[in-house]
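Below: one structure, written as structure tokens.
Residue numbers start from 1 in every chain, and the chains themselves are labelled A, B, ... in the order their sequence lines are given, proteins ahead of strands. Predicted model only: the values in this text are computed from it and were never measured.
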Protein chains: 2
Amino acid sequence: MKKEHKECMSALLPVRDTLDVIGGKWKLLILISIWEGNKHFRGIERSIPKLSTKVLSKELKDMEANQLITRTVINGFPVRTEYRHTEHSNTLKKVIMELQNWGINHRKKIFGDKSEISN
Amino acid sequence: MKKEHKECMSALLPVRDTLDVIGGKWKLLILISIWEGNKHFRGIERSIPKLSTKVLSKELKDMEANQLITRTVINGFPVRTEYRHTEHSNTLKKVIMELQNWGINHRKKIFGDKSEISN
DNA sequence: GTAATCAGTTTCCTTTTGGTAACCAGTTAC
DNA sequence: GTAACTGGTTACCAAAAGGAAACTGATTAC
């Protein structure tokens, strides 16, 4: 029993790392926008309603530091910046699917479980 | 390609649900403490350093609403409350393992990947 | 009466987060 | 020169989250 607990505890740091990367309101939305093909700052900004310039800027930096996206400056008129998703970001898709499946079942459990309401 | 995008978008709500349930600083720590066998408010509080009474109270309510734990009041001296994990909470273990695995690999990628530094 | 314990709640205050909008830099067009 | 577009940064203010400590209420013991 104590062993199980210690295994859980050792899971905590990596789990936190993952949640830092995909948690928050915007990170997944931004990643999806880039996966979808949006490459430029203003384009990404416009594709996500209610997302402000300031927050997008911060999130993109975080995501670049986490190697989920790359940032390339292209000189020309006007200077453009290209954001692209990385191979590493693709490894998130499996995690996202797991989170999605649990979320769907959880919602059923919380809202759709009629067997418990038969009082 | 547009299909892939729409699939991602439909994943968003369930993923958010899941992140709401396990995200944040304390929820997993509290769940682990209860999995470990801590049953009482003060016991859980003492088992997690830096966790305040106020936040624990709020988190326990959230977790009860999400059916991850049950709360039972036991009259006696003094009145005691028992928190226990549910069967439903056990379904999180698989999700946590996935998050852990991705976190471990991610950390390797970010900090331990020497093959890229050979410039 | 006082004291102590459990399980929280409430209050006050600080820190963090987030939004809005102005602003800067570089370049092209007029 | 001005305007317009890009990709952001900075400053200011409001909302939300979080910590510390006091407080409630029930009960038992003295």
Side-chain angles (χ1 to χ4, degrees), chain A residues 12 16-17 19-31 33-86, chain B residues 12 16-17 19-34 36-86:
Chain A
L12 255 178
R16 280 243 213 289
D17 288 344
L19 292 179
D20 284 346
V21 170
I22 61 174
K25 258 190 185 175
W26 304 113
K27 296 211 174 74
L28 279 180
L29 276 169
I30 294 167
L31 195 54
S33 177
I34 293 173
W35 272 336
E36 192 198 351
N38 285 313
K39 287 182 175 62
H40 305 293
F41 191 90
R42 297 292 181 206
I44 297 164
E45 189 180 9
R46 288 192 206 102
S47 74
I48 304 173
K50 312 246 178 190
L51 172 59
S52 70
T53 313
K54 191 173 83 173
V55 173
L56 176 57
S57 173
K58 186 199 157 247
E59 299 291 59
L60 286 172
K61 279 177 189 165
D62 287 354
M63 293 167 70
E64 198 193 353
N66 281 319
Q67 298 182 29
L68 299 185
I69 58 172
T70 57
R71 179 178 179 277
T72 317
V73 178
I74 295 162
N75 291 323
F77 155 67
V79 178
R80 290 191 73 106
T81 311
E82 274 198 14
Y83 293 95
R84 283 183 216 155
H85 70 271
T86 61
Chain B
L12 255 179
R16 282 244 213 288
D17 287 344
L19 293 179
D20 283 346
V21 170
I22 60 175
K25 259 190 184 173
W26 304 113
K27 295 212 173 73
L28 279 179
L29 277 168
I30 294 167
L31 195 54
I32 289 169
S33 177
I34 293 172
E36 192 197 351
N38 285 314
K39 288 180 175 60
H40 305 293
F41 192 91
R42 297 291 181 209
I44 298 164
E45 190 180 8
R46 289 193 206 101
S47 74
I48 303 173
K50 312 244 178 192
L51 171 59
S52 72
T53 313
K54 191 172 81 174
V55 172
L56 175 58
S57 173
K58 187 202 157 242
E59 299 290 60
L60 287 172
K61 279 177 189 165
D62 287 354
M63 292 166 71
E64 198 194 352
N66 282 319
Q67 298 183 27
L68 298 184
I69 58 172
T70 58
R71 178 179 179 276
T72 318
V73 178
I74 295 161
N75 291 322
F77 155 68
V79 178
R80 290 188 74 102
T81 311
E82 274 197 15
Y83 293 96
R84 283 183 216 154
H85 69 271
T86 61

Under 4.0 Å, counting only non-hydrogen atoms across every strand here, what does [X] touch: a base, just sugar-phosphate, or nothing?
X: B/Lys58; result: nothing
X: A/Arg42; result: base
X: B/Lys25; result: nothing
X: B/Ser52; result: sugar-phosphate

Is there a salt bridge (Lys or Arg N to Asp or Glu O under 4.0 Å) between A/Lys61 and A/Glu64? Walk through the geometry before answering. CA-CA 5 Å; A/Lys61 279 177 189 165; A/Glu64 198 193 353; over 6 Å; no
Does [N] have OP1 or OP2 sitting under 4.0 Å from an N or O in the side chain of [X]?
X: A/Arg71; N: D/dG8; answer: yes
X: B/Tyr83; N: C/dG8; answer: yes
X: A/His40; N: D/dG7; answer: yes

Closest-nucleotide ordering on DNA chain C, the 5'-leading residue of B/Ser57 and B/Arg46: B/Arg46
[X] has an atom [atom1]; how far is it from atom [atom2] of [N], in whole Å?
X: B/Glu64; N: C/dG8; atom1: CD; atom2: P; result: 9 Å
X: A/Ile74; N: D/dT6; atom1: CD1; atom2: P; result: 14 Å
X: A/Arg80; N: C/dT28; atom1: CZ; atom2: C1'; result: 14 Å
X: B/Leu56; N: D/dA17; atom1: CG; atom2: P; result: 17 Å
X: B/Phe41; N: D/dA26; atom1: CZ; atom2: P; result: 19 Å
X: A/Leu51; N: C/dT17; atom1: CG; atom2: P; result: 17 Å
X: B/Glu59; N: C/dA7; atom1: CD; atom2: C1'; result: 17 Å
X: A/Lys61; N: D/dT9; atom1: NZ; atom2: C1'; result: 8 Å

Distance, nearest 0.5 Å, that separates CD1 of B/Ile48 from CG of B/Asn38: 8.0 Å
Among [options], which nucleotide sits nearest the side chain of [X]?
X: B/Thr81; options: C/dT9, C/dA7, C/dG19; value: C/dA7
X: A/Val55; options: C/dC6, C/dG8, C/dG18; value: C/dG18
X: A/Trp26; options: D/dG8, C/dG19, C/dC6; value: C/dG19

A/Thr53 vs A/Phe41 side-chain heavy atoms within contact, under 4.5 Å: yes
At less than 3.5 Å, do the side-chain atoms of B/Lys54 and the base atoms of D/dG19 form a donor-acceptor pair? yes
Do B/Glu82 and B/Lys39 sit within salt-bridge range, that is, some charged N less than 4.0 Å from a carboxylate O? no
So that I can tick it off, tell me whether A/Arg16 and A/Asp20 are bridged by a salt bridge, with the cut-off set at under 4.0 angstrom between side-chain N and carboxylate O. no
